There are 2 protein chains.
Amino acid sequence: MSKVDRSKVDRRINKTREAINKALIELMSEKNFENITINDISERANLNRGTLYLHYSDKYDLLDKCIKDHLSNMLKFCMLSKPGEERLNVSNSPLPMFQYFEEHFLFYSSMLSNKGITCFREQMNLVVINGITERLKTGEINHGHNKEVVVQYMASAFVGVVEWWIKNNMPLSPQIMAQQLWDIFDGNYSLVGEGRIPSGS
Amino acid sequence: MSKVDRSKVDRRINKTREAINKALIELMSEKNFENITINDISERANLNRGTLYLHYSDKYDLLDKCIKDHLSNMLKFCMLSKPGEERLNVSNSPLPMFQYFEEHFLFYSSMLSNKGITCFREQMNLVVINGITERLKTGEINHGHNKEVVVQYMASAFVGVVEWWIKNNMPLSPQIMAQQLWDIFDGNYSLVGEGRIPSGS
DNA sequence: TGACTTTTGTTGACTAATCAACACATGATT
DNA sequence: AATCATGTGTTGATTAGTCAACAAAAGTCA
């Protein structure tokens with residue numbers, strides 16, 4: 001008569017998943033996804049092949065979950081700075097985002113540069129769109145622009161810039177990138193109801 | 001009816017031991033050994049406290065096995081260059097040794113600098129003595145010196161120099177250290193039966 | 001084509017790691 | 001001295017991971 005608590009996840013599970021994800025990302029930075037075998041992954045992760053199948057049904061399932069996991073964390077990170085609060089100062093500029101991408105460079109580099117995996121860019125775009133949409137829920141646009149259009153515009157611009165930055169091995173610092181992007185956005189819109197930021201005149 | 005092979009070690013065992021050893025060395029570079037608890041170690045190693053007790057009876061047992069393990073590897077590494085073979089050229093100088101210590105700097109630094117653990121220096125000295133004795137078995141000394149004395153002299157000198165080098169955060173490169181030590185040894189003895197190396201005249 | 005190697009996904013027997021719980025020891029604070 | 005917190009070492013029930021073995025699929029090449 002027992003049955004233990006089990007409310008928290010067994011730490012072995014996390015260790016295993018982390019090892020597998022790390023191995024996959026490493027391998028994807030080295031070769032084409034299609035050429036990576038389950039054997040490669042389990043060897044690199046230093047665990048039994050059978051263990052991998054306890055968590056993922058095949059390598060496509062693994063890739064899928066790996067992407068969803070990372071993008072979900074990215075979105076979570078973005079949402080930490082609450083929408084509609086202190087949005088016009090530099091402290092809430094895109095800087096944390098670029099620092100985030102810098103920290104997870106290996107992942108985003110692997111995903112964006114790897115041949116034979118087309119799905120990633122679209123998934124990332126989708127997540128960014130959802131994120132921006134969420135943030136714009138409270139602070140409404142008041143320039144007479146269609147919200148959908150603005151969201152698409154911003155998401156595409158952001159993802160495109162990030163993709164360029166990552167694919168080119170981050171030639172500029174996160175600070176510079178954030179400043180540049182902030183300036184461009186500023187030239188277009190201010191994102192909350194206060195309207196354009198008076199610049200000079 | 002079965003009984004599996006089990007000739008090789010279960011990879012879980014190696015992973016666990018490696019995590020524990022890494023955790024101990026890290027912690028010892030941060031604080032006094034006496035102030036490190038079993039809880040600290042198991043937390044840092046990211047495993048259950050009970051798991052640690054499956055491998056070690058207490059933290060002293062762990063420290064002991066950790067030291068013996070490292071020193072045994074060190075000796076193994078030293079013995080890779082066979083005694084009595086090509087001993088007079090630079091390629092067989094102490095350089096590999098200093099590179100070895102550089103690679104395992106964190107361990108030796110922790111052990112040599114940590115207060116509240118006196119046993120390490122003596123154990124290391126003993127291992128070095130055994131190593132040198134082993135190497136001198138084939139190539140005999142022929143200067144009329146007592147072998148024991150020569151061994152003690154060399155071991156003390158070597159350990160002393162290494163200890164200074166590690167404790168001072170490796171102020172000189174392994175190359176320089178090896179060259180210096182080689183020159184000093186050369187000024188004293190050549191270690192094989194060929195006698196002094198004619199230097200110049 | 002056919003022989004071959006490699007990879008895949010699954011099985012069952014087994015072992016190591018996990019977790020909560022426990023009693024006890026040590027140490028500091030009041 | 002009594003209280004409180006923290007660390008120790010052990011227990012038993014349970015789960016996750018391991019390994020070798022297998023058959024079937026997919027890729028390689030003479």
Side-chain angles (χ1 to χ4, degrees), chain A residues 1-28 30-66 69 114-117, chain B residues 1-28 30-66 69 114-117:
Chain A
M1 86 209 27
S2 41
K3 269 305 170 204
V4 203
D5 191 342
R6 298 287 170 260
S7 55
K8 285 164 189 166
V9 210
D10 194 309
R11 71 210 309 162
R12 282 173 294 184
I13 293 177
N14 287 325
K15 285 189 221 174
T16 296
R17 296 212 174 123
E18 275 166 28
I20 292 174
N21 277 277
K22 184 163 171 286
L24 174 65
I25 294 169
E26 277 181 27
L27 287 167
M28 283 189 68
E30 294 167 17
K31 55 178 165 178
N32 195 308
F33 178 71
E34 284 308 323
N35 296 333
I36 298 173
T37 70
I38 294 281
N39 279 321
D40 291 337
I41 301 169
S42 59
E43 269 175 36
R44 180 69 67 102
N46 190 26
L47 40 79
N48 194 281
R49 195 158 49 87
T51 306
L52 200 149
Y53 287 111
L54 291 178
H55 296 265
Y56 309 97
S57 58
D58 52 38
K59 72 171 182 171
Y60 301 99
D61 180 44
L62 165 59
L63 177 64
D64 191 56
K65 284 177 175 155
C66 180
D69 217 56
N114 198 289
K115 314 291 176 210
I117 151 185
Chain B
M1 69 204 49
S2 40
K3 266 309 167 202
V4 202
D5 192 340
R6 295 294 168 253
S7 55
K8 286 163 190 169
V9 210
D10 193 310
R11 69 209 311 162
R12 281 173 294 184
I13 293 178
N14 287 325
K15 284 190 222 175
T16 297
R17 295 213 174 122
E18 273 166 29
I20 292 174
N21 277 278
K22 182 163 173 286
L24 174 65
I25 294 169
E26 277 181 29
L27 287 166
M28 283 189 69
E30 294 167 18
K31 56 176 164 178
N32 195 308
F33 178 70
E34 284 308 322
N35 297 333
I36 297 173
T37 70
I38 294 281
N39 279 321
D40 291 337
I41 301 169
S42 58
E43 269 174 36
R44 180 68 66 101
N46 189 28
L47 39 81
N48 194 282
R49 195 158 51 86
T51 306
L52 200 149
Y53 286 111
L54 292 177
H55 296 264
Y56 309 97
S57 57
D58 52 37
K59 72 172 181 170
Y60 301 99
D61 180 43
L62 164 59
L63 176 64
D64 191 57
K65 283 177 176 157
C66 179
D69 217 57
N114 199 289
K115 314 290 176 207
I117 150 186

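Here is how names work: the chains are called A, B, and so on, in the same order as the sequence lines, proteins then strands, and each is numbered from 1. Computed from a prediction, not measured in an experiment: that's the story for all the values here.
- Between the CG atom of B/Asp10 and the P atom of C/dC14 there is a distance of 15 Å, rounded to whole Å.
- In this structure, B/Glu18 atom CD and C/dA17 atom C1' are separated by 16 Å, rounded to whole Å.
- Rounding to the nearest 0.5 Å gives a distance of 9.5 Å between CG of B/Asn32 and CD1 of B/Ile117.
- A/Ile13 has its side chain within reach of A/His55: a pair of non-hydrogen atoms, C-beta onward, lies under 4.5 Å apart.
- When rounded to the nearest whole Å, the span between NZ of A/Lys8 and C1' of D/dT15 equals 17 Å.
- Remark: C1' of C/dT26 and CG of B/Asn39 are 14 Å apart, rounded to the nearest angstrom.
- Under a cut-off of 6.0 angstrom, the local environment of NZ in A/Lys22 is sparse, with at most 12 non-hydrogen atoms contributed by other residues, nucleotides or ligands.
- The stretch residues 41-66 of chain A touches DNA chain C through A/Arg49, A/Tyr53, A/Asp58, each having a heavy atom within less than 4.0 Å of the strand.
- Taking all atoms of both residues into account, the shortest heavy-atom contact from B/Ala19 to B/Leu47 is CB-CD2, 4.3 Å.
- Residue A/Thr16 places at least one side-chain N or O under 4.0 Å from the OP1 or OP2 atom of D/dG17.
- Taken residue by residue, residues 30-38 of chain B places heavy atoms nearer than 4.0 Å to DNA chain D at B/Thr37, B/Ile38.
- For the atom pair CG (B/Asn48) and CD (B/Glu43), the distance works out to 11.0 Å, reported to the nearest 0.5 Å.
- Of the residues A/Thr16, A/Asn39, A/Ile38, the one that meets the side-chain contact (heavy atoms from CB on, under 4.5 Å) test with A/Leu52 is A/Ile38.
- Of the inter-residue distances, the one linking B/Asn114 atom CG with B/Leu63 atom CG reads 8.5 Å to the nearest 0.5 angstrom.
- The shortest side-chain heavy-atom distance between B/Phe33 and B/Leu24 falls under the 4.5 Å cut-off.
- Residue B/Lys15 places no side-chain N or O under 4.0 Å from the OP1 or OP2 atom of C/dA17.
- Over its full length, the helix from C/dT5-D/dA26 to C/dT30-D/dA1 turns its helical axis through 40°, comparing axes from the five pairs at each end and rounding to 10°.
- Under a 3.5 Å cut-off, the side chain of A/Lys59 and the backbone N or O of A/Ile36 do form a donor-acceptor pair.
- Side-chain atoms of B/Arg44 and B/Asp40, non-hydrogen and from C-beta on, never get closer than 4.5 Å to each other.
- Residue side chain B/Arg12 does not reach the base of C/dA17 through any donor-acceptor N/O pair under 3.5 Å, judged by distance alone.
- Taking only side-chain nitrogens and oxygens, B/Arg11 never comes nearer than 4.0 Å to OP1 or OP2 of D/dG17.
- A salt bridge is absent between A/Arg17 and A/Asp69: the closest approach of a Lys/Arg side-chain nitrogen to an acidic carboxylate oxygen does not fall below 4.0 angstrom.
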